[in-house]
Every structure is written in structure tokens, then in C-alpha cells.
Amino acid sequence: MKLLSNVMEQVLKRNPNEPEFHQAAKEVLESLELVAERHPEFIKAGIFDRIVEPERQIIFRVPWVDDNGNVRVNRGFRVQFNSAIGPYKGGLRFHPSVNLGIIKFLGFEQIFKNSLTGLPIGGAKGGSDFDPKGKSDGEVMRFCQSFMTELYRHIGPDTDVPAGDIGVGAREIGYMYGQYKRIKNDFTGVLTGKGLTWGGSLVRTEATGYGLCYFVEEMLKAKGKSFKGATVAISGSGNVAIYAAEKAQELGANVVTMSDSNGYIYDPDGIKLDTVKRIKEVERKRIKEYVKYHPSAQYTEGCTGVWTVKCDIALPCATQNEIDEQSAKTLVANGCYAVGEGANMPSTNEAIEVFLNAKVLFAPAKAANAGGVATSALEMSQNSMRYSWTFEEVDAKLKQIMVNIYKNASAAAKEYGFEDNLVVGANIAGFMKVANAMYAQGIAY
Ligand code: NDP
Ligand code: 2IT
């Protein structure tokens, strides 16, 4: 890094103890060095210095009462990173690991991802260190209500539109939407991922996983390959993993693994998704339950072991940094020829190097998992029109968006001399639109 090394230095200095944010910023800034060279006007206008600094960061107390009458206190976050091309947009994550640095890395990634969708949405992320695991419905409801009692004043259908992420699904969106509506007396599209009878969009539940497979299929097609007959390893067993598995199977793949933070299952005959959906979506139990129903499958403790299973295509759909350098080397040694990132930043920067050096077809998260937020933006459109499209209409739009993202990322990679490097291509294509908008809108003194 030459032109942008001072920007990275400033990120490190100004944001101590935020390794995930440093990692995300480094990957993007390294990709943008040539852009900086070709666009001195962006340097002069401080675009790079400004884009790494969130427009607004909100941290708040979330007190709630558990089933035993004890007062509990969690911390809530909303980082409104960039609004150059549209209202802030991005999910809410409820997980005990959540801290400001993690929300900042996610919000930063969201700027470029949202830009890649081609739809008018800015970048944001939020969440809490609340752990929904083991909590009753009543506890989750009271937490969500308390969280929204503060968050509501910072969001709005034309200001900031949150959605789900890890630990936030249909149930949590429902409780938060109910509380927002009660406080504001407004029935608006302030959240996405809503239920289908109260403003939600068809396909939003499936969108991230389906979109991931549409993207990967396009990437494979360019090299004369496809999902048909391929052995696929998937990590995670949440929203993204389940619908990635569903679409991969539909496209003819044999999906052989799924996991959670405790361990992974291996079913050489192909994962039975009905069982996974029942365990995870209805019963909210652990993935190891799967082997009770399918004794020919194996369960192994420890989640990173999933990458030792031989596969053609790997779809990491759990969490950040779940594939390190060693796991990447194991995947390559076992013949894996394509990786599609369903989770946000699931590969470390060292793992990405391994994949790119081995000429593995690599679909980076901010391009490959953009189908979720793209469909959220389609939900916003439908809410504005007070109208709903059919499943087929939304699905066709999602597919077209994913194909376009692939085309734009691969064209940008080629234009800048990095043919086939979708990491660089996605970063540049996502950045350009935001940078041009920031440039046009001037600097506020
Ligand atoms: P869910 O909460 O539905 O599922 C998360 C899954 O990942 C669970 O199986 C969970 O296991 C596992 N997981 C979570 N944390 C860890 C960890 N530290 N180590 C190992 N496994 C872990 O979340 P989603 O499916 O929505 O999200 C998965 C990923 O996809 C995240 O990176 C998210 O940011 C990203 N994403 C989500 C989108 C969406 O629309 N939902 C859109 C784009 C990206 P356990 O139950 O044990 O915690
Ligand atoms: O990481 C993501 O893109 C999401 N969690 C989805 C965000 C959204 O607003 O739908």
C-alpha cells in the first residue's frame, strides 16, 4: 500500500482494539490503491479518509427483566456508516461476541455490498451482546422491546432501515416492529424481514442463501463448471446456510455438511433439509440432533473440522474468520475448486491469499451474500408502493441482481488488471458508486 497507507495508519490509530474492523478496512484499502492512483480528485476530496470513518455511532443501554425477575443489562449498537447513496441499511446481530469493532467491520462491508446491489441503500449495522440462546420467548420479547425503545429515535423508513443477522430472525423482527409501531404510531417499512401479512416480502427468508448460489453458479458458469454433481460443504445451520443448501440441492449439488458453533454433521448421502429446518427453525435445538433421525450421518464436535471434509465447493455460512490459513490449505489440498462466502468475512485475509494463489474460484462475501440486503431493498420498494410482488417476480429480480453483481465485479477486476480476482473487483465496483456520490455531495464544514 502506498497512496493509502496513511489512511490505514489512521484507522489503526483511531480504532484501537478493533481487529475485525482493521481486517475489513485493510482488505478494501489494498484493493483501492490503483483507484487512488487513477483518481487524484478522490484523494484531494478526502474520500478515502472519510469512507473509513462512520457518519454516526450510537451505543446505548438495554435493560430488561428476565423470567426470574432479575434485571439484566446489555449493550446496544447502531453504526450508521455511510448514507451517500441511500438511507442507512443493514442488519442487527444479537450474539454475545458483539462489540463496537465487530459492528464497525460489518457496517463498513455493508457500504460496498449495498452499493453492488445497484439499489439505493447506504451502509449500516447494529446489534447487541444479548445472547438469545436459552432465553424464553418472553425474555426475547422484552429484550427486543427495550432495544427498540431506544433505537426507534435513530431510524425511520427514509433514514435507517435495520433487518436481521445472526440471532435476529422473523421472531425478533416481529417484536421490534411491534414496539416501533406502538411508540411511533406509524405503520411503515422501518424494518425489513417482516412477516408476509404485515409488509414482508416473499423470498426475503430465502434470499441470502439463494442469492449466494445464483452468484456462485454464475462464477462457475464462466469457467465451464456448475453445481450439478458437485459435492458441497456448508458451515452454519442458520438462515443463510439452510437456504444456500436448499438452492444448491435444487441446482443438482450433493450437500454433505452443516454445522453450528458446537460441531458439524457429515451426511455423505446428502443433508435432509426438512430435518435441519425442524431442528433449527422450529425446535431451536443443536445440529447434533440430526444424527438421531439419520443414524448413517456422523456428528463431530468442534466447528472448524467441517473444512476437513473433502468437497468441490465450500460455502461458509456461519460467521467471520471461520476459515483460517490452515483450513484454506486443507480445502485446497482436498481438491476444493470454488468458495462462495455466505457469511460476512468468513475467510481471514491469509486464507483468501491461499485461495487466490491456488486459483480457487473465490466469491467474496460483499458480492456473494448481497442477495439478502438486495431483497430487503425490494421489500422497501414494495412497502413504498403499498403493493407486493409474487414469489416468482422477486426471485427473478434477485437472480438478475446477483448476475449483475458478478458481471460488474468481474468487469472492474479486468479493467484494473486483476482479471478473475473478484475480491478486488467487488471492492472497486462497490466503492466507485459511493465515492462518486460522496464527491458530488461535497464536504460539510
Ligand atoms: P443465524 O443466526 O440464522 O445462524 C448463524 C449460524 O452460524 C448458526 O448455525 C450458528 O451456530 C453459527 N455461528 C454463529 N456464530 C458462530 C461462531 N462464532 N462459530 C461457529 N458458528 C457460529 O444467522 P444467519 O444465517 O443470518 O447469518 C450467518 C452469516 O451470514 C453471518 O455472518 C451473517 O452476518 C451473514 N449474513 C446474513 C444475512 C441475512 O440475511 N441473514 C445476509 C448476509 C450475510 P450457533 O447456533 O451455535 O450459534
Ligand atoms: O449482512 C447482511 O447483508 C444482512 N445481514 C442483511 C441486511 C439487510 O438489511 O437485509
>> My understanding is that only residues two or more places apart in sequence, or in another chain, count here; which of them pass salt bridge (charged side-chain N to carboxylate O under 4.0 Å, His left out) with E139?
In response: none
> Which pairs count as salt bridge (Lys or Arg N to Asp or Glu O under 4.0 Å) when at least one residue sits in residues 206-217, sequence neighbours excluded?
Replying inline: none
> Going through the distances and angles, do K366 and N114 end up as a side-chain hydrogen bond (donor to acceptor under 3.5 Å, both in side chains)?
Replying inline: CA-CA 8 Å; K366 59 173 79 65; N114 292 4; over 6 Å; no
>> I want to check something: taking the side chain as every heavy atom from C-beta on, are M148 and I155 in contact at a cut-off of under 4.5 Å?
In response: yes
>> Under the rule for side-chain contact (heavy atoms from CB on, under 4.5 Å), what residues qualify as partners of T197, not counting sequence neighbours?
In response: none
> Which residue pairs pass the salt bridge (Lys or Arg N to Asp or Glu O under 4.0 Å) test with at least one member in residues 246-275, sequence neighbours excluded?
Replying inline: E246-K277, K247-E250, D260-K280, D260-R286, D267-K272
> Hey, is R142 close enough to D137 for a salt bridge, meaning N to O under 4.0 Å?
Replying inline: no
>> The criterion is ring pair (Phe, Tyr, Trp, His ring centres under 6.0 Å); which residues satisfy it with F187, sequence neighbours excluded?
In response: Y177
> Can you name the salt bridge (charged side-chain N to carboxylate O under 4.0 Å, His left out) partners of E350, sequence neighbours left out?
Replying inline: none
> Are a donor atom and an acceptor atom from the side chains of K26 and N349 found within less than 3.5 Å of each other?
Replying inline: no
> Residues two or more places apart in sequence or in another chain: which of them pass side-chain contact (heavy atoms from CB on, under 4.5 Å) with D395?
Replying inline: V203, Y210, Y214, F391, L398
> T348 and Q23: side-chain hydrogen bond (donor to acceptor under 3.5 Å, both in side chains), yes or no, with the steps?
Replying inline: CA-CA 8 Å; T348 64; Q23 180 183 338; 5.9 Å; no
Under 3.5 Å, which donor-acceptor pairs do the side chains of residues 74-82 form with other protein atoms, sequence neighbours left out?
{"unit_1": "N74", "atom_1": "OD1", "unit_2": "W64", "atom_2": "NE1", "d": "2.8"}
{"unit_1": "N74", "atom_1": "ND2", "unit_2": "D129", "atom_2": "OD1", "d": "2.9"}
{"unit_1": "R78", "atom_1": "NE", "unit_2": "D160", "atom_2": "OD1", "d": "3.4"}
{"unit_1": "R78", "atom_1": "NE", "unit_2": "D160", "atom_2": "OD2", "d": "2.9"}
{"unit_1": "R78", "atom_1": "NH1", "unit_2": "G90", "atom_2": "O", "d": "3.2"}
{"unit_1": "R78", "atom_1": "NH1", "unit_2": "G91", "atom_2": "O", "d": "3.2"}
{"unit_1": "R78", "atom_1": "NH2", "unit_2": "G90", "atom_2": "O", "d": "3.2"}
{"unit_1": "R78", "atom_1": "NH2", "unit_2": "D160", "atom_2": "OD1", "d": "2.6"}
{"unit_1": "Q80", "atom_1": "OE1", "unit_2": "R56", "atom_2": "NH1", "d": "2.7"}
{"unit_1": "Q80", "atom_1": "NE2", "unit_2": "H154", "atom_2": "O", "d": "3.1"}
{"unit_1": "Q80", "atom_1": "NE2", "unit_2": "D160", "atom_2": "OD2", "d": "2.8"}
{"unit_1": "N82", "atom_1": "OD1", "unit_2": "A84", "atom_2": "N", "d": "2.9"}

> For F112, which residues count as a ring pair (Phe, Tyr, Trp, His ring centres under 6.0 Å) partner, sequence neighbours excluded?
Replying inline: F108
> Could you give all pairs that pass the salt bridge (Lys or Arg N to Asp or Glu O under 4.0 Å) test and reach residues 143-159, with sequence neighbours left out?
Replying inline: E150-R153
> Any idea which heavy atoms bring A244 and L212 closest together, and the distance?
Replying inline: CB-CD2, 4.0 Å
>> For I173 versus T192, what's the shortest heavy-atom pair and its separation?
In response: CD1-O, 3.8 Å
> What residues, two or more places apart in sequence or in another chain, satisfy salt bridge (charged side-chain N to carboxylate O under 4.0 Å, His left out) together with R72?
Replying inline: D66
> Do D67 and S136 meet the criterion of a side-chain donor-acceptor pair at a distance under 3.5 Å?
Replying inline: yes
> Is the closest basic N to carboxylate O distance between E289 and K292 below 4.0 Å?
Replying inline: yes
>> Ring centroids only, cut at 6.0 angstrom: are Y180 and F147 within range, meaning strictly under it?
In response: no
>> Per the salt bridge (Lys or Arg N to Asp or Glu O under 4.0 Å) rule, what does the pair list look like for residues 313-324, sequence neighbours excluded?
In response: none
> Is there a side-chain contact between N262 and Y299, using heavy atoms and a 4.5 Å cut-off?
Replying inline: yes
>> Between E301 and Y264, does the side-chain hydrogen bond (donor to acceptor under 3.5 Å, both in side chains) criterion hold? Intermediate values first, please.
In response: CA-CA 7 Å; E301 282 288 331; Y264 71 94; over 6 Å; no
